[in-house]
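The next block holds one structure in the form of structure tokens; read it before the comments.
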Amino acid sequence: MSAGSVLALAAVDALRPLPGLAGAYVAPPVQAGLPYARIDAGPELDWSHKSGTGREVRLAVVLHGRGEDRRPLQGLADEAERATLGLEHALQGWRIVTLVFVRRREADSGRGPAVTSE
């Protein structure tokens, strides 16, 4: 399995137990309660070296919610950030060498606010 796929599935497992989150998915859910998280891993960049295979993967966590008050979703985003930064360093044939938070953004998707973290 690709590094991105393994990382995305690990993120889903880390986010599912968060209180207040209805679910976490790697594909757009057909039917999901709000708020939910959508995980996207990619693109993968080659960081291989003489003695091994390596990848750089950007993991995006998008939280979807509804309502004018964004504070509950922002609090959930804080929890999601902590959960993903705590991912295990050994994942099904891959090893996380460095895990860095890059950015956080809030956007209104037209169906309610969304918070994106990479």
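What you see is a predicted model, and the numbers here were worked out from it, not measured in a lab.
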Could you pull out all donor-acceptor pairs under 3.5 Å where a side-chain atom in residues 38-46 meets a protein atom, sequence neighbours excluded?
residue, atom, partner, partner atom, Å
R38, NH1, V26, O, 2.9
E44, OE2, S2, OG, 3.2
E44, OE2, G4, N, 2.8
D46, OD1, S48, N, 3.0
D46, OD1, S48, OG, 2.6
D46, OD1, R55, NH1, 3.2

ask   = What are the two closest heavy atoms between A37 and L15, and how far apart are they?
value = CB-CD1, 4.1 Å

inquiry  = Once rounded to the nearest 0.5 Å, what's the spacing between atom CD of Q74 and atom CG of L63?
reply    = 11.0 Å

Under 3.5 Å, side-chain donor or acceptor atoms of residues 87-98 against the rest of the protein: list the pairs with distances, not counting sequence neighbours.
residue, atom, partner, partner atom, Å
H89, ND1, I96, O, 3.1
W94, NE1, M1, O, 3.1

Contact summary for P35 and G20, nearest pair of heavy atoms = CG-O, 3.2 Å

ask   = Would a 4.5 Å heavy-atom cut-off, applied to side chains only, mark R104 and D78 as touching?
value = yes

query = Taking C-beta and beyond as the side chain, do L21 and R16 meet within less than 4.5 Å on heavy atoms?
reply = no

task = Evaluate the ring planes of H64 and Y36, with Trp represented by its six-membered ring, and classify them as parallel (under 30°), tilted (30 to 60°) or perpendicular (over 60°).
result = parallel

query = Should L18 and F101 be regarded as members of a common hydrophobic cluster, given that ILVMFWY residues are connected when their side-chain heavy atoms come within less than 4.5 Å of each other, either directly or indirectly?
reply = yes

ask   = Honestly curious: do L99 and W47 fall in one hydrophobic cluster under the side-chain, below-4.5 Å linking rule?
value = no

remark   = To the nearest 0.5 Å, atom CG of L59 lies from atom CG of L7 at 4.5 Å

